[in-house]
Participant: 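Can you keep this structure in mind? I'll have questions shortly.
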Amino acid sequence: MNMSITSYKKQLQQLQPLIALFLLCLIIAIFSDRFMTVTNLWNVMRQISVNICIAVGMTLVIISAGIDLSVGSVLAFAGAVTASFLSMGVELPFFGVYVGFTTLGAILMGITMGGVLGLVNGWVITYFKVQPFVATLAMLTIARGLTMLWTQGYPISSLGAPFAHLGTGWFLGVPIPVWIAAIVTVLAVFVMRKTRFGRYIYAIGGNERAARLSGIKVNQVKTLVYMLAGMLAAVGGILVTSRLDSAQPNAGMGYELDAIAAVVIGGTSLSGGRGLIMGTVLGAVIIGVLNNGLVLLGVSPFWQQVVKGMVILIAVIIDRSQHKEKK
């Protein structure tokens, strides 16, 4: 009897994000007739795609018992670097349109810079034993400063139709950003479920000392995790820059909070060692729907911040209470 009750509670906990999404959609649809329109839903999916890319990287970090507060600033810097390299080159077919060779090179440069900043985060955390919160908070400021220096405080605009197509175009009837988010998700699920690297991340988050004693190269794994988080933040930055056709110096502000919220709402434990990529995707959908619903309902931007903060707080409280029950 006790086993059946425990199993039932566990299943209910796993379904909590899905139930929350259903109720949220139902409430918004009741009060706004624009919510369920095809145009609005695709618009929501485009916006969610950016957060999914960032939140997937954040999931890896949090499962390893870390945190990354710098992803918003890394996003902005990667977008600025990509925009500045969009200048010349030959054209090659890509996603059904012609994309300049330099466009591909610029995208790779942006992702590389995101990876470099993430690598620095991991290096400082593992080799200098700096707390992830402090190290990534410092990188948040550094990357934002680098973005201002790179752009001189001005937007870099008019990046060309091929690059803009990446953020605004369609492929097989689906927005390209949604395809990119789907690819990122599938790859992350495969890595976490089917590879030794994924198992190492869970092991480190569960008990770093035991993982080290078992022969896992903890420093290397954690450094790679932060590098991947930086690269995925850069992918998000490229999508934002493409959609706006402009690299804004202040882009990405607050994105780290949305990413952390998506991870926590999706069931990943802030203590590390437990979490699922698909849970994070569901959490990102909830955050995206919430943002869209608050706008459609005409809620003040100031109250929107209050509501999102409360959602994060509730999710953390639920996570902590479930963690205590398991102990």
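Worth saying up front: this structure is predicted, and the values here are computed from it rather than measured.
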Participant: Could you state the interatomic distance from CG (Asn292) to CD1 (Ile28), rounded to the nearest 0.5 Å?
Facilitator: 7.0 Å
Participant: Under 6.0 Å between ring centres, would you say that holds for Trp179 and Trp170?
Facilitator: no
Participant: Establish, from distance only, whether the side-chain atoms of Ser70 and Asn121 form a donor-acceptor pair under 3.5 Å.
Facilitator: yes
Participant: In Å, rounded to the nearest 0.5 Å, how long is the span from CD1 of Ile67 to CD1 of Ile125?
Facilitator: 10.0 Å
Participant: Hey, is CE on Met36 packed in by over 12 heavy atoms from elsewhere, all under 6.0 Å?
Facilitator: no
Participant: Can you establish whether the number of heavy atoms outside Phe302 located under 6.0 Å from its atom CZ is more than 12?
Facilitator: no
Participant: Hydrophobic clustering (ILVMFWY, side-chain heavy atoms < 4.5 Å, transitive) - are Phe22 and Val281 grouped together?
Facilitator: yes
Participant: Could you check if a side-chain atom of Val264 sits within less than 4.5 angstrom of a side-chain atom of Thr268, using non-hydrogen atoms only?
Facilitator: no
Participant: Would Tyr226 and Val120 count as a side-chain contact (heavy atoms from CB on, under 4.5 Å) here? Give the steps.
Facilitator: CA-CA 8 Å; Tyr226 280 94; Val120 173; over 6 Å; no
Participant: Hey, are the side chains of Ile111 and Thr82 touching, using non-hydrogen atoms and a 4.5 Å cut-off?
Facilitator: no
Participant: Side-chain contact, heavy-atom cut-off 4.5 Å: Cys25 with Val289?
Facilitator: yes
Participant: Near Lys194 NZ, under 6.0 Å, is it more than 12 heavy atoms from other residues, nucleotides or ligands?
Facilitator: no
Participant: Check the pair Phe85 / Val81 against side-chain contact (heavy atoms from CB on, under 4.5 Å), numbers first and verdict last.
Facilitator: CA-CA 6 Å; Phe85 275 89; Val81 170; 3.8 Å; yes
Participant: Is the closest side-chain heavy-atom distance between Asn43 and Thr39 below 4.5 Å?
Facilitator: no
Participant: Are any side-chain N or O atoms of Glu208 and backbone N or O atoms of Gly205, one a donor and one an acceptor, separated by less than 3.5 Å?
Facilitator: no
Participant: For the side chain of Thr195 and the backbone of Gly198, is there at least one donor-acceptor N/O pair under 3.5 Å apart?
Facilitator: yes
Participant: Check the pair Leu166 / Ile180 against side-chain contact (heavy atoms from CB on, under 4.5 Å), numbers first and verdict last.
Facilitator: CA-CA 9 Å; Leu166 191 65; Ile180 293 173; 4.0 Å; yes
Participant: Measure from the side-chain N and O atoms of Ser32 to the backbone N and O of Ala29, and report whether any donor-acceptor pair falls under 3.5 Å.
Facilitator: no
Participant: Between Arg46 and Gly167 (side chain of the first, backbone of the second, donor and acceptor by atom type, cut-off under 3.5 Å), is there such a pair?
Facilitator: yes
Participant: Distance check, rounded to the nearest 0.5 Å: Ile260 atom CD1 versus Glu256 atom CD?
Facilitator: 7.0 Å
Participant: Is the closest side-chain heavy-atom distance between Ile63 and Arg274 below 4.5 Å?
Facilitator: no
Participant: I'd like to check Phe197 versus Ile201 (side-chain heavy atoms, cut-off strictly below 4.5 Å). Are they in contact?
Facilitator: yes
Participant: Under 3.5 Å, sequence neighbours excluded: what are the donor-acceptor pairs made by side chains of residues 49-60?
Facilitator:
from, atom 1, to, atom 2, distance (Å)
Ser49, OG, Met45, O, 2.7
Ser49, OG, Pro177, O, 3.4
Ser49, OG, Val178, N, 3.4
Asn51, OD1, Ala259, N, 3.4
Thr59, OG1, Ala55, O, 2.7
Thr59, OG1, Thr280, OG1, 2.7

Participant: Could you state the interatomic distance from CE (Met310) to CH2 (Trp303), rounded to the nearest 0.5 Å?
Facilitator: 8.5 Å
Participant: Quick one, Phe128 with Trp123, criterion ring-ring contact (aromatic ring centres under 6.0 Å, His included). Give me CA distance, side-chain angles, the key distance, then yes/no.
Facilitator: CA-CA 7 Å; Phe128 288 96; Trp123 182 58; 5.1 Å; yes
Participant: Examine Val186 and Val184 and state if one hydrophobic cluster contains both, with Ile, Leu, Val, Met, Phe, Trp and Tyr joined whenever side-chain heavy atoms are less than 4.5 Å apart.
Facilitator: no
Participant: Say whether Met278 and Ile286 are linked into one hydrophobic cluster, either directly or through other cluster members, by side-chain heavy-atom distances under 4.5 angstrom.
Facilitator: yes
Participant: How far apart are the C-alpha atoms of Met253 and Arg144, what are their side-chain angles, what is the distance that settles it, and do they pass the side-chain contact (heavy atoms from CB on, under 4.5 Å) test?
Facilitator: CA-CA 9 Å; Met253 288 187 175; Arg144 185 63 62 184; 3.7 Å; yes
Participant: Would you say the side-chain atoms of Ser242 pair up with the backbone N or O of Ile238, donor to acceptor, closer than 3.5 Å?
Facilitator: no
Participant: Looking at CZ of Phe163 and CD1 of Ile107, how far apart are the two atoms once the value is rounded to the nearest 0.5 Å?
Facilitator: 5.5 Å
Participant: Side chains of Thr168 and Arg243: closer than 4.5 Å at any heavy-atom pair?
Facilitator: yes
Participant: If you define the side chain from C-beta out and look only at heavy atoms, does anything of Arg212 sit under 4.5 Å from Lys217?
Facilitator: no
Participant: Can you measure from CG (Leu117) to CG (Leu140) and round to the nearest 0.5 angstrom?
Facilitator: 11.5 Å
Participant: Membership question, hydrophobic clusters at under 4.5 Å side-chain separation (ILVMFWY): are Leu149 and Ile142 in the same one?
Facilitator: no
